[in-house]
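Please find one structure pasted underneath; my questions will follow.
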Amino acid sequence: MDFTKGMHRFTVVPSLTGELARLQTIAYNLWWTWEPEAVELFKRLDIDLWQQTRHNPVEMLGILQQTTLDKLTTDEGFMSQLKQVDEKFREYLSARTWFERTCNGGRPMSVAYFSMEFGIHESLPTYSGGLGILAGDHLKSASDLGIPLVGVGLLYRQGYFRQYLNIEGWQQELYPENDFYNLPLTLERDASGAPLAVELNMPSRKVTAHIWRVQVGRVPLYLLDTNLEENAPEDREITAQLYGGDLEMRIRQEILLGIGGIRALHLLGITPNVCHMNEGHAAFLALERTRLLMEEHGIRFAEAMEAVRAGNVFTTHTPVDAGIDHFPPDLLEKYLGRYYRFLGLSRDEFLALGRINPKNSHEAFCMAVLALKLADHANGVSQLHGEVSRLMWKNLWPELPDEHIPITSVTNGVHTKTWLSNEMAGLLTRYLGNRWREDATDPLLWKRVAHIPESELWRTHERCRERLVLFARRRLKDHLKQVGATAKEIAQADEVLDPEALTIGFARRFATYKRGTLLFRDLARLEKILGSTDRPVQIIFAGKAHPHDTEGKELIREIFQHSLDSRFRGRIVFIEDYDMAVARHLVQGVDVWLNTPRRPLEASGTSGMKVAFNGGLNMSILDGWWPEGYQGNNGWAIGKGEVYDDLDYQNEVEGRAIYDLLEKEVVPLFYDRGPDGIPRGWLAFMKASLQTLCPLFSTERMVQEYTRTMYRPSFAHWEMLSADGLALAVDLAGWKGDIRRTWHQVRIAGIEAKTPTEVPLGAVIPVTVNIILGDIPPDQLSADLYCGVLDSRGNIVGGELVPLAWEEATGDGAHRFYGEIESRFCGRHGFMVRVMPRHPKLGPVYEQGSIAWG
Ligand SMILES: *Cc1c(COP(=O)(O)O)cnc(C)c1O
């Protein structure tokens with residue numbers, strides 16, 4: 001018998017009145033997670049409960065007895081701390097922000113940031129790894145900077161799994177249920193008090209979703225939940241797990257995120273003009289935005305799409321095809337068949353939106369392609385990843401040279417205050433003043449790190465390392481108890497690791513390309529390095545493997561086995577259940593952060609940035625963000641960024657490079673101490689690392705960059721196309737249709753250039769070009785010279801565009817154009833003529849198939 005059906009439900013909430021009610025308000029705004037004084041306040045409520053609830057003040061307030069809470073009001077110390085935190089909180093919410101200072105005057109921009117996962121705090125397990133943490137840090141910095149932004153995601157009943165290792169070190173997964181009423185969530189309701197209900201069509205049935213709000217400082221994050229009684233059992237599962245289930249579950253989740261997300265905002269009365277798709281998962285949102293505009297203005301798909309595209313921004317995060325969602329056509333037919341017909345699209349037209357080659361019926365529907373086609377701005381997450389992405393997607397723009405592929409890069413960052421230790425934060429405030437909290441992007445400010453006394457910087461870091469060692473021992477003991485170890489074995493956990501030894505951290509998802517076991521290729525050599533009695537080295541590992549990734553689990557087991565090996569006893573520890581709390585301890589306490597991806601597979605990586613803010617040093621393959629960060633004196637590069645065809649050979653070379661670096665540079669530098677026990681050389685590296693990396697690798701810089709280079713231009717473009725009932729968007733769609741019909745007439749008939757074989761530097765070369773335009777008026781076309789230095793294969797690299805001016809019509813639809821090339825560099829040069837459509841108001845417009853080269 002199912003007892004749940006007829007059951008009456010009610011929620012008991014603690015009765016917090018008067019000043020104590022503020023405690024509850026603060027607990028419901030995740031601002032507290034990056035404000036150390038607020039964290040202290042909640043810890044003070046009950047330190048054991050704090051640990052048991054995984055640092056969840058909402059749950060704590062629910063568990064604490066009313067009498068305990070009542071007693072607080074007479075605790076003067078507590079009440080005055082509460083008052084202080086509360087004032088800080090109000091001040092934060094009302095302060096004048098960066099956005100107000102720098103971007104006022106513009107008409108209201110409204111950004112919606114869509115992501116499958118958000119990592120804001122360990123108590124809200126709606127994230128699996130890097131992508132989610134980045135999204136969480138993005139929201140936090142958007143709040144700090146005052147960007148008008150909301151987040152949209154899914155609220156998972158179980159979230160991502162929790163990891164524990166069995167006695168052999170094999171990963172086991174646990175899926176504890178989240179109790180939404182004990183999380184900082186607020187159900188969004190209508191005026192009558194009924195929950196707002198988002199409705200979606202799944203094949204042959206309706207699905208309803210509720211909207212929960214998480215407040216992240218000033219920024220609301222809306223999370224959708226389908227676990228409702230009125231839904232079919234399989235639809236209740238849509239929000240059961242993050243990255244659980246099969247391809248069909250994935251498409252349902254992505255429909256909920258994209259289409260459901262836009263509907264949710266609509267219900268809430270929010271009409272974003274810029275939508276940021278964090279990875280391709282969210283790309284369906286473009287379809288729903290288009291549908292809404294079609295309905296509102298009575299226009300066609302192609303017309304509404306022009307405006308929507310202008311207002312979309314897409315960030316790609318993976319340099320490998322396998323990491324991107326591809327859906328087979330029949331699955332799309334099943335889930336979106338009715339939907340695309342309603343949009344007035346044929347099956348082929350719809351499938352073409354997700355295909356690189358629209359005519360290739362064997363191509364699966366790719367979410368990243370959909371996002372690239374329907375976004376105005378697209379970017380990778382480091383300079384290197386931008387480059388890799390341009391090559392990866394260049395077939396979408398077959399007529400453009402590589403460097404013109406419209407995918408830029410905005411390098412990732414981290415939310416400083418979330419990842420910085422209290423000790424380090426205090427130290428920075430003492431020597432840099434308070435400004436690093438408000439504007440951490442000023443390099444001059446970080447120069448002042450030079451003034452921090454070496455002994456103080458060192459002591460501060462040593463305290464954090466010691467805390468990490470104690471934390472690792474505590475977690476190891478928990479593990480030993482779990483697997484039924486003897487009391488003696490558990491007691492021995494207090495002997496592992498040395499609070500004063502050089503400590504290396506390695507924590508990340510156990511995907512094979514990250515090569516978590518590279519360090520173990522030569523065990524004898526590793527034993528020598530770790531086992532030294534006067535210069536000991538220790539390594540702390542953490543990380544999860546995807547539940548279906550047996551290879552990844554094998555790597556974890558291997559490391560775990562090494563940690564039991566008598567040769568490495570007490571020098572290698574694996575901490576279970578990597579989450580944000582484990583990450584904080586690690587990045588704050590390690591001396592060296594090791595990162596060994598196979599270049600160029602790490603799009604950016606962010607954990608090394610967290611380490612940098614805390615004074616740790618990075619030792620990494622030149623992949624992801626590190627080529628932008630590494631400067632020779634602020635950490636170490638493993639290799640020089642070579643890419644090998646032979647994987648095993650590459651592992652051998654790079655594994656050896658790690659041992660060499662450790663033996664010859666890292667260990668000596670760390671243990672070369674003055675009479676006062678302070679490693680001067682090491683501190684010089686620490687200071688250089690803080691000075692060079694902190695101004696660059698924060699989400700503060702990153703969100704400012706997104707605002708300047710993506711959100712604002714996208715918003716301006718959207719405004720232009722959507723003004724006057726989308727007049728320009730409608731015009732543009734019609735004009736593109738004309739161009740597609742008439743473009744076949746365009747032909748470059750002749751090029752005349754007076755180029756002797758050798759040209760003196762600085763000489764001007766006149767170029768005359770004859771172009772047949774047919775019926776296309778010359779002002780609807782942009783003709784340019786593309787010229788530059790040739791590489792060894794005869795291709796122009798990093799060429800520049802020189803516009804050609806129209807001179808006269810020469811009859812029969814032919815026109816003469818003229819331009820001049822200035823030879824500014826020595827070497828072999830070449831040039832080509834490029835002709836592209838040019839919209840009278842919007843300038844040159846790229847349309848696949850409508851570009852001519854000669
Ligand atoms: C920062 C962080 C990540 C991302 O780390 P990478 O450098 O991208 O490997 C993953 N998981 C957690 C818990 C983190 O804190």
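Here the structure is a predicted model, which means the values were calculated and not measured.
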Problem set entry | Pair Ile120-Leu221, side-chain contact (heavy atoms from CB on, under 4.5 Å): steps then yes or no | CA-CA 10 Å; Ile120 300 165; Leu221 165 60; 3.5 Å; yes
For this session: Return yes if a side-chain donor-acceptor contact under 3.5 Å exists between Asn412 and Thr606, otherwise no.
Result: no
Seminar exercise, completed: side-chain hydrogen bond (donor to acceptor under 3.5 Å, both in side chains) with Asn379: of Thr408, Thr316, Thr315, only one passes, and it is Thr315
Problem set entry | Donor-acceptor under 3.5 Å (Ser604 side chain, Ser382 main chain) | no
Exercise. Does a salt bridge link Arg463 with Glu466, judged by any charged N lying under 4.0 Å from a carboxylate O?
Worked result: no
Problem set entry | Passing option when Ser143 is tested against Leu149, Val219, Asn29 for side-chain contact (heavy atoms from CB on, under 4.5 Å) | Val219
Exercise. Which pairs with one or both residues in residues 413-441 pass ring pair (Phe, Tyr, Trp, His ring centres under 6.0 Å), sequence neighbours excluded?
Worked result: Trp34-His415
For this session: List in chain and number order the residues that pass side-chain contact (heavy atoms from CB on, under 4.5 Å) with Arg44, two or more places apart in sequence or in another chain; answer none if no residue qualifies.
Result: Asp75, Phe78, Gln81
Exercise. Phe89 vs Trp31 aromatic rings, parallel, tilted or perpendicular, using cut-offs 30° and 60°?
Worked result: tilted
Exercise. Would Arg90 and Glu87 pass as an ion pair if we require N to O under 4.0 Å?
Worked result: no
For this session: Kindly determine whether Glu19 and Lys83 satisfy salt bridge (Lys or Arg N to Asp or Glu O under 4.0 Å), including the steps that lead there.
Result: CA-CA 8 Å; Glu19 287 167 78; Lys83 188 151 171 276; over 6 Å; no
For this session: Take Lys43 and Glu40, measure what salt bridge (Lys or Arg N to Asp or Glu O under 4.0 Å) needs, and give me the verdict at the end.
Result: CA-CA 5 Å; Lys43 264 191 195 166; Glu40 287 309 315; 3.7 Å; yes
For this session: Would you confirm whether Thr73, through its side chain, and Leu69, through its main-chain N or O, come within 3.5 Å as a donor-acceptor pair?
Result: no
Exercise. Nearest heavy-atom pair of Ile540 and Ala472: which atoms, and what distance?
Worked result: CD1-CB, 4.4 Å
For this session: Would you mind reporting whether Tyr92 and Thr97 have side-chain heavy atoms less than 4.5 Å apart?
Result: no
Exercise. Does Glu122 offer a backbone N or O that forms a donor-acceptor pair with the side chain of Asp579 under 3.5 Å?
Worked result: no
Exercise. Can you check whether Thr709 reaches His377 side chain to side chain, under 4.5 Å on heavy atoms?
Worked result: no
Exercise. Is there side-chain contact between Cys464 and Leu468, with heavy atoms separated by less than 4.5 Å?
Worked result: no
Exercise. Would the Phe670 and Trp458 ring centres measure less than 6.0 Å apart?
Worked result: yes
Exercise. Does a side-chain heavy-atom distance below 4.5 Å link Val590 with Asn614?
Worked result: no
Problem set entry | Residues that Trp626 engages under ring-ring contact (aromatic ring centres under 6.0 Å, His included), provided they are two or more places apart | Tyr630
Exercise. Taking the side chain from Lys687 and the backbone from Ile452, do they hold a donor-acceptor pair closer than 3.5 Å?
Worked result: yes
For this session: First locate atom CG of Asp46, then atom CG of Leu61, and finally report the distance between them rounded to the nearest 0.5 Å.
Result: 11.0 Å
Exercise. Side chain of Tyr711, backbone of Ile147: donor and acceptor closer than 3.5 Å?
Worked result: no
Seminar exercise, completed: Leu183 and Asn56 have their tightest heavy-atom pair at CD2-ND2, 3.6 Å
Exercise. Is Tyr222 close to Leu265 at the side-chain level, that is, under 4.5 Å between some pair of heavy atoms?
Worked result: yes
Exercise. How about Pro499 and Arg473: do any of their side-chain heavy atoms sit closer than 4.5 Å?
Worked result: yes
For this session: With the side chain counted from C-beta on, respond yes when Ile678 and Arg459 share a heavy-atom pair under 4.5 Å apart, and no when they do not.
Result: yes
For this session: Could you pull out the closest heavy-atom pair between Val39 and Thr33, with the gap in Å?
Result: CG2-O, 4.2 Å
Problem set entry | Test item: side-chain donor near acceptor, Asn273 and Ser110, under 3.5 Å | no
For this session: Return the minimal non-hydrogen interatomic distance between Trp32 and Ala38, and the atom names on each side.
Result: CB-CB, 3.7 Å
Exercise. How long is the span from the NE2 atom in His717 to the CG atom in Asp376, to the nearest 0.5 Å?
Worked result: 5.0 Å
Exercise. Is the shortest distance from a Lys or Arg side-chain nitrogen in Glu602 or Lys514 to a carboxylate oxygen in the other one below 4.0 Å?
Worked result: yes
Exercise. Between Tyr706 and His276, what is the ring plane arrangement, given parallel below 30°, perpendicular above 60°, and tilted in between?
Worked result: tilted
For this session: Working to the nearest 0.5 Å, report the span between CD of Glu279 and CD of Glu117.
Result: 10.0 Å
For this session: Measure the acute angle between the ring planes of His121 and His55, then classify it against the limits of 30° and 60° as parallel, tilted or perpendicular.
Result: tilted
Seminar exercise, completed: Closest non-hydrogen contact found for Pro668 with Leu662 is CD-O, 3.7 Å
Exercise. So, Arg213 side chain and Thr186 main chain: donor-acceptor pair closer than 3.5 Å or not?
Worked result: no
Exercise. So, Ser115 versus Asn278: side-chain donor-acceptor pair below 3.5 Å or not?
Worked result: yes
Exercise. So, the side chain of Tyr160 versus the backbone of Gly129: is there a donor-acceptor pair under 3.5 Å, distance only?
Worked result: no
For this session: Dump the intermediate steps for side-chain contact (heavy atoms from CB on, under 4.5 Å) on Leu384 and Arg599, then the final yes or no.
Result: CA-CA 10 Å; Leu384 177 63; Arg599 180 172 155 128; 3.8 Å; yes
Problem set entry | Axial cation check for Phe471 ring with Arg467, 6.0 Å and 45° limits | no
Exercise. Is the backbone of Lys447 close enough, under 3.5 Å, to the side chain of Gln691 for a donor and an acceptor to pair up by distance?
Worked result: yes
For this session: Verify, without hydrogens or angle tests, whether Ser689 (side chain) and Phe685 (backbone) share a donor-acceptor contact under 3.5 angstrom.
Result: no
For this session: Flag the pair Glu700 / Asp144 as yes when at least one side-chain heavy-atom distance between them is below 4.5 Å, and no otherwise.
Result: no
For this session: Output yes when a side-chain donor or acceptor of Glu37 lies under 3.5 Å from a complementary backbone atom of Gln84, and no otherwise.
Result: no
For this session: Report the C-alpha distance between Leu30 and Leu124 in whole Å, list the side-chain angles of each, state the deciding distance to 0.1 Å, and finish with yes or no for side-chain contact (heavy atoms from CB on, under 4.5 Å).
Result: CA-CA 10 Å; Leu30 292 165; Leu124 191 63; 4.1 Å; yes
Problem set entry | Step-by-step side-chain contact (heavy atoms from CB on, under 4.5 Å) determination, Leu185 to Val214 | CA-CA 5 Å; Leu185 299 165; Val214 182; 3.3 Å; yes
Exercise. Between Ile658 and Thr596, which heavy-atom pair has the shortest distance, and what is it?
Worked result: CD1-CG2, 3.7 Å
Exercise. Distance only, no hydrogens: is a donor on one side chain within 3.5 Å (strictly under) of an acceptor on the other, for Thr411 and Arg701?
Worked result: no
